[in-house]
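Structure first, commentary second.
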Amino acid sequence: MSLIKSLDEIELIKESAQLVSKTLGMLAEEIKPGINTLFLDKLAETFIRDHNAEPGFLGLYDFPNTLCISPNSQVVHGIPNKDVVNDGDILSIDCGVLKNGYYGDHAYTFAVGEIDQEVEKLLQTTKESLYVGIEQFKTGNRVGDVGYAIQNHNESRGYGVVKELVGHGLGKEMHEKPEMPNYGKRGSGKKFQEGMVVAIEPMINLGSSKINQLNDGWTILTRDNKPSAHFEHNIAIVNGKPKLLSTFDYVHKALGIKSDEEFPFK
Ligand code: MG
Ligand code: MG
């Protein structure tokens, strides 16, 4: 696997990333109190296969499902199940697809019905920090510039930045180099170059940054049981600047949200 992708490869990764975007948009219409997360998982699997692609997570490192769905205090890697989703919950949904030999992988944290204002603020800030990080993904900058920007945006507002899990390069493999931590020192780490493609994915806790893992071998959750948010995009460096390959446009359309956050990176 090469760190640098051709424009043709970037188009193929974009096609996979956009299918994830559409899948998340489809799910946004279905998320309401009373459903369970296994229902969402089945919808996503059918949707992806109907678009001539394969679920990217299913079977990867033996993960059992199409989606990682992590409610409330779960950070990432939650396994879909039949537990009922309630008004006031949040659901972090991470989705991957494999199409034409290339992966797409991104995530959104959804509110179920009405959520607490402090949780709403956590979601907003985590999403903001994703774009603050993306802005730093350009030629000449380094991995630590993205990490620093995300860490500073969240910690200065009192949130906990999860350090044990990180973003990554993306292409023929779901997880390629470089690792993209959500923390770091400015000017440190691997230098970015034209044609690099990465997933940037802040995982931000309302309380402490400390996490535990359930004995299912997958689910990561906050140690203090407070909520956690996760937003992820796929981005390439084209003409020296960050170019979004994934989009939240489908989610925003389904939820009736107006947003110009992505505009600088289209
Ligand atoms: Mg992901
Ligand atoms: Mg990822």
Side-chain angles (χ1 to χ4, degrees), residues 1 3 5 10 13-28 37 40-41 44-45 47-48 53-71 74-80 90-99 102-110 123 126-127 129-131 133-134 137 143 146-147 150 161-183 196-204 211 213 218-221 228-236 242 244-248 250-251:
M1 62 181 113
L3 234 56
K5 274 75 181 176
I10 289 172
I13 299 169
K14 182 175 182 179
E15 196 178 326
S16 299
Q18 292 279 319
L19 179 53
V20 175
S21 307
K22 287 175 191 160
T23 307
L24 292 175
M26 178 276 293
L27 293 170
T37 55
L40 298 177
D41 187 74
E45 180 173 356
F47 187 83
I48 291 166
E54 298 284 319
F57 296 162
L58 184 65
L60 185 71
Y61 318 118
D62 291 329
F63 188 76
N65 290 84
T66 293
L67 302 173
C68 295
I69 307 187
S70 310
Q74 294 187 8
V75 179
V76 287
H77 300 168
I79 298 175
I90 56 170
L91 291 182
S92 295
I93 303 188
D94 197 350
C95 178
V97 309
L98 176 62
K99 189 173 183 182
Y102 289 86
Y103 282 98
D105 165 30
H106 74 112
Y108 194 93
T109 300
F110 296 90
L123 266 49
T126 305
K127 182 141 72 80
S129 77
L130 170 59
Y131 295 107
I134 289 170
F137 182 56
V143 165
V146 172
I150 293 171
V161 175
V162 174
K163 314 268 191 330
E164 290 84 347
L165 299 128
V166 297
H168 49 90
L170 184 77
K172 287 183 181 168
E173 305 287 337
M174 174 74 77
H175 298 120
E176 298 186 0
K177 288 187 170 157
E179 288 198 345
M180 296 288 293
N182 298 304
Y183 62 93
M196 284 177 74
V197 178
V198 298
I200 297 178
E201 49 180 315
M203 290 154 251
I204 307 301
I211 55 164
Q213 187 171 34
W218 282 105
T219 311
I220 304 291
L221 67 170
S228 182
H230 179 212
F231 289 86
E232 178 177 15
H233 265 316
N234 301 145
I235 316 99
L244 269 183
L245 306 182
S246 53
T247 179
F248 294 142
Y250 300 100
V251 168

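Counting begins at 1 with the first residue of the sequence. First listed ligand is number 1; within each ligand, the first listed atom is number 1. Just so it is clear, the values below take in all heavy atoms, side chains as well, and ignore hydrogens, waters and symmetry mates.
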Quiz item: Which heavy atom of K22 sits nearest a heavy atom of Y250, and at what distance?
Solution: CE-OH, 3.3 Å
Exercise. Go through the structure and list residues passing ring pair (Phe, Tyr, Trp, His ring centres under 6.0 Å) with Y183, not counting sequence neighbours.
Key: none
Quiz item: Can the ring centres of Y61 and H77 be said to be less than 6.0 Å apart?
Solution: no
Practice problem: Spell out the protein N/O/S atoms under 2.8 Å from the Mg ion (ligand 2) as residue plus atom name. | Solution: D105 OD2, H168 NE2, E201 OE2, E232 OE2
Quiz item: Where do F231 and T126 come nearest, in terms of heavy atoms and distance?
Solution: CD1-CG2, 3.7 Å
Practice problem: Nearest 0.5 Å please: distance from the CG atom of L60 over to the NE2 atom of H175. | Solution: 6.5 Å
Exercise. Quick one: pull up CG in L67 and CG in L58 and give me the separation to the nearest 0.5 Å.
Key: 10.0 Å
